[in-house]
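FYI, the numbering just counts along the sequence from 1. As the structure lists them, so they are numbered: ligands from 1, and atoms in each ligand from 1.
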Amino acid sequence: MLKQPPRFTVVTLFPELVEGIAQWGVTGRAFERGLCQLALYNPRDYADDRHGTVDDRPYGGGPGMVMQAPVLDRTVAAAREGCSRPVTVLALTPQGRRFDDNMAREFAGLSEQRDLVLIAGRYEGFDERFIAESVDAEVSVGDFVVSGGELPAMLVLDAIIRLLPDVLGHHASAQEDSFAEGLLDYPHYTRPEVYRGQSVPSVLLSGNHKAIAEWRRAQSLHRTLLRRPDLLTAAELSGEDKALLAAWQLALPED
Ligand code: 9D3
């Protein structure tokens with residue numbers, strides 16, 4: 001049996017905005033190569049009046065509009081029918097579980113068995129009964145406010161698609177391991193060798209591959225210690241890593 005590629009469905013009032021994920025760059029290539037499929041459903045097409053109404057004023061008053069449950073339920077039902085496997089439905093909301101690398105890996109793995117439907121909202125949000133009725137989990141992409149769920153849905157999809165088998169070449173996927181190790185990247189340089197008085201670190205020109213690997217590891221550790229010390233608790237650290245960090249920590253200002 002030929003394995004079917006994961007199907008990613010996005011429910012959105014702005015399908016043309018989301019389409020870009022299948023048209024550009026690494027994710028575009030993945031769709032082009034048939035490693036995954038994109039389907040787009042517009043709730044406007046499932047409205048029951050001739051104006052294509054999808055929202056209404058909130059019960060209890062207050063600002064903004066709320067996306068109506070019946071039209072969203074009908075749209076998700078149609079999205080399910082477009083899939084040939086069981087479906088997990090995620091709603092992008094500011095109240096959701098915070099998306100991270102672990103969740104991306106969880107959904108990339110899940111996509112071997114199940115198709116994913118992502119619901120992108122506009123206005124103030126969804127009628128809570130739609131979430132109760134049709135949504136398996138709510139996902140947020142971080143503690144900031146954006147104008148709708150489309151960019152969050154694309155961000156989530158991009159992170160998942162990069163992890164699907166064969167999407168990245170062997171070279172790049174080895175690189176990916178360095179993020180899975182939980183450290184920030186080391187600095188990169190290319191030509192010219194001197195730029196506005198700044199030289200490329202000489203070790204990178206030495207041809208000494210062991211020295212280069214050690215320098216890069218130290219740079220990753222140092223930058224993580226200075227910029228994102230919270231990551232160090234979960235990072236995979238060798239004895240040498242820990243010795244370097246301990247030495248640098250002594251020179252760090254206390255807070
Ligand atoms: C006044 C309360 N606001 C909630 C924080 C209203 C509101 C603002 C923005 C409701 C929805 C939105 C649109 N945002 C999303 O749909 C969204 C989102 C986000 O704004 N931040 C982080 N992750 C996400 S996922 C979907």
Tell me which residues fall inside the under-4.0 Å heavy-atom shell around ligand 1. Leu92, Thr93, Pro94, Tyr123, Glu124, Val139, Ser140, Val141, Gly142, Phe144, Val145, Val146, Ser147, Gly148, Gly149, Pro152
Residue Arg85 excluded, over 12 heavy atoms near CZ under 6.0 Å: yes
Under the ring pair (Phe, Tyr, Trp, His ring centres under 6.0 Å) rule, collect the residues that match up with Phe8, sequence neighbours excluded. none
Who else is in Val145's hydrophobic cluster (ILVMFWY, side-chain heavy atoms under 4.5 Å, direct or via others)? none
Pairing residues for Thr88 by the side-chain contact (heavy atoms from CB on, under 4.5 Å) criterion, not counting sequence neighbours: Leu90, Leu110, Arg114, Leu116, Asp136
Glu106 CD: over 12 foreign heavy atoms closer than 6.0 Å: yes
Would you mind checking if Glu181 and Arg217 are paired as a salt bridge, meaning a charged N to carboxylate O distance below 4.0 Å? yes
